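Side chains included, hydrogens not; waters and symmetry mates left out as well; all remaining heavy atoms used. Sequence positions, counted from 1, serve as the residue numbers for this chain. Computed from a predicted model, the values in this text were never measured in an experiment.
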Amino acid sequence: MPADGLYEILDERFRTGRCTSGDGRLEVLHSECRWAEGPLYLPAWRQLIWSDIPNDRILRWDEATGTVAVFRDPAGHSNGNTLDRQGRLVTCEQGNRRVTRTEPDGTVTVLAERFQGKRLNSPNDSVVRSDGTVWFSDPDFGITSDYEGHRAESEIGACNLYRIDPATGRVSLAADGFDGPNGVILSADEKRLYVSDSRGARIHAFDVHDDGTLSGQEVFAEARAGVHFDNIRLDDRGRLWAAALDDGVHCYDPDGTLIGRLRVPESVSNITFGGPKNNRLFITATTSLYSLVMSVTGAPRV
């Protein structure tokens, strides 16, 4: 992909913010997935893991050698992966309809699988605050067919955002009214939480309170016509980057303006920043894992 075909400048802030002065082409790291999602960079091991959902496995790419191996198989049709502040892996398992944490010894702890006695739909993505509070999205993507999970009826009857209390483990409703909640991220100061709604084609922003409750819901960004969002990430300048499926990767200024786009040859599901300098954007798109070394740096690691 030529340099002038990778970056689409929609606002001069995309250029002046040095969003276009990294690599001129995407690098293909792997291309044998059915539907790739959930990339997560593990700094301690210089590795990236990601979910190959229909194949029910989590794969691992080693940055030093470039080799790819199986990290977990079966994996409960896992989708989103993140780390807590102790470096433990938190995974949304669509097929098992639960959120889990992998302990240092490799054992798996179930953090959430029910709300008010009813089974969750199919947890998709999560984020962990510094005090251990977990927010996770719960659309029905994994129960609508057997492709990315197991076909079933929703026991809850809605697609919501939930919160796990770090002290009690209690699962409570954080926000509702979504069509298909997906990506979840926190601002660096932990005062704002962003949630993408795939079916609603928008990104919501909330104010976060000390007790983990949310308020002040507003629409941060509306998708372009015919475009839907998947997961989202922030860089260290407060710009929001969104996986926009067939429309590539979108970049939004902190004021919500769409300022630029990365063109990707496959439908983009998820993105994450990583690498030793946190300036390598990893992109999962349909069958492939791509990367792009950028002049942009991801939000600070915690």
Side-chain angles (χ1 to χ4, degrees), residues 1 3 6-7 18-53 55-76 78-92 100-108 125-128 185 188 231-236 241 243 249 262 264-266 268-302:
M1 182 178 293
L6 175 58
Y7 302 96
R18 298 189 59 79
C19 298
T20 64
S21 51
D23 283 351
R25 63 181 63 245
L26 294 171
E27 181 180 358
V28 180
L29 303 179
H30 187 71
S31 59
E32 297 178 3
C33 300
R34 276 201 163 88
W35 179 252
E37 292 216 34
L40 172 67
Y41 186 76
L42 307 173
W45 295 277
R46 289 190 60 195
Q47 293 180 347
L48 181 109
I49 63 170
W50 78 99
S51 303
D52 183 4
I53 303 176
N55 284 325
D56 194 15
R57 61 184 181 174
I58 297 176
L59 299 175
R60 176 180 60 211
W61 172 79
D62 185 85
E63 190 168 30
T65 65
T67 57
V68 172
V70 174
F71 175 79
R72 181 173 292 170
D73 181 9
S78 295
N79 193 319
N81 299 287
T82 193
L83 294 176
D84 68 10
R85 299 306 171 100
Q86 287 73 50
R88 297 171 296 187
L89 175 64
V90 176
T91 299
C92 290
T100 63
R101 183 179 65 217
T102 301
E103 308 298 345
D105 64 1
T107 59
V108 174
D125 195 21
S126 67
V127 66
V128 185
I185 53 171
N231 92 318
I232 48 181
R233 288 290 181 265
L234 292 168
D235 66 22
D236 67 350
W241 297 75
V249 178
L262 303 178
V264 181
E266 295 182 88
V268 178
S269 59
N270 280 193
I271 55 176
T272 197
F273 286 99
K277 297 181 179 180
N278 205 27
N279 67 337
R280 189 170 191 170
L281 185 68
F282 293 94
I283 302 169
T284 52
T286 315
T287 64
S288 303
L289 172 67
Y290 298 90
S291 82
L292 179 70
V293 178
M294 307 184 72
S295 52
V296 169
T297 302
R301 295 176 180 142
V302 292

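- Contacts of E266 classified as salt bridge (Lys or Arg N to Asp or Glu O under 4.0 Å), with partners at least two apart in sequence or in another chain: none.
- In this structure W61 satisfies the ring pair (Phe, Tyr, Trp, His ring centres under 6.0 Å) test together with F282, sequence neighbours excluded.
- Residues that satisfy the salt bridge (Lys or Arg N to Asp or Glu O under 4.0 Å) test with E103, not counting sequence neighbours, are R88, R101.
- For T82, the side-chain contact (heavy atoms from CB on, under 4.5 Å) partners are V90, S126, V128, not counting sequence neighbours.
- Here salt bridge (charged side-chain N to carboxylate O under 4.0 Å, His left out) pairs that include residues 279-288, with residues two or more places apart or in two chains, are E27-R280, E63-R280.
- For A75 against I58, the heavy-atom pair with the smallest separation is CB-CG1, 3.8 Å.
- Using a 4.5 Å cut-off on side-chain heavy atoms (C-beta onward), L292 and Y7 make contact.
- Applying the side-chain contact (heavy atoms from CB on, under 4.5 Å) test to D235 and every residue at least two apart in sequence or in another chain returns R237, R239, W241, F273, V296.
- Once rounded to the nearest 0.5 Å, the distance linking CD1 of I185 with CD1 of I232 reads 4.0 Å.
- Between D73 and N55, every side-chain heavy-atom pair lies at or beyond the 4.5 Å cut-off.
- A search for side-chain hydrogen bond (donor to acceptor under 3.5 Å, both in side chains) contacts involving T20 returns nothing, not counting sequence neighbours.
- Screening N231, T284, N79 for a side chain to side chain donor-acceptor pair (under 3.5 Å) involving S269 leaves a single residue, T284.
- Of all heavy-atom pairs spanning A243 and I271, the tightest one is N-CD1, 4.1 Å.
- The side-chain contact (heavy atoms from CB on, under 4.5 Å) check on R18 picks up S21, S295, with sequence neighbours excluded.
- Shown here are the salt bridge (Lys or Arg N to Asp or Glu O under 4.0 Å) partners of R233, two or more places apart in sequence or in another chain: there are none.
- Using a 4.5 Å cut-off on side-chain heavy atoms (C-beta onward), L281 and S291 make no contact.
- For the pair D125 (side chain) and N81 (backbone), a donor-acceptor distance under 3.5 Å is absent.
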So L289 and L48, side-chain contact (heavy atoms from CB on, under 4.5 Å) or not? Walk me through it. CA-CA 10 Å; L289 172 67; L48 181 109; 3.7 Å; yes

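- Of all heavy-atom pairs spanning Y290 and P265, the tightest one is OH-CG, 3.5 Å.
- Residues meeting the salt bridge (Lys or Arg N to Asp or Glu O under 4.0 Å) test with D52, sequence neighbours left out: R57.
- S78 has its side chain out of reach of R72: every pair of non-hydrogen atoms, C-beta onward, lies at least 4.5 Å apart.
- In this structure, the side chains of S51 and W35 stay at 4.5 Å or more apart for every pair of heavy atoms.
- Here the CG atom belonging to L59 is positioned 12.0 Å from the CG atom belonging to L29, to the nearest 0.5 angstrom.
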Walk me through it: do W50 and V68 pass the test side-chain contact (heavy atoms from CB on, under 4.5 Å)? CA-CA 11 Å; W50 78 99; V68 172; 3.9 Å; yes

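- Under the side-chain contact (heavy atoms from CB on, under 4.5 Å) criterion, D62 pairs with Q47, A64, T65, T67, not counting sequence neighbours.
- The side-chain heavy atoms of I283 and L26, taken from C-beta on, include a pair separated by under 4.5 Å.
- D56 approaches G76 most closely through the heavy-atom pair OD1-N, 2.9 Å.
- You'll find the side chain of F71 reaches within 4.5 Å of the side chain of L89, heavy atoms only.
- Taking every heavy atom of both residues into account, R46 and P276 meet most closely at NE-CG, 4.1 Å.
- In this structure, E32 has no side-chain hydrogen bond (donor to acceptor under 3.5 Å, both in side chains) partners at least two apart in sequence or on a different chain.
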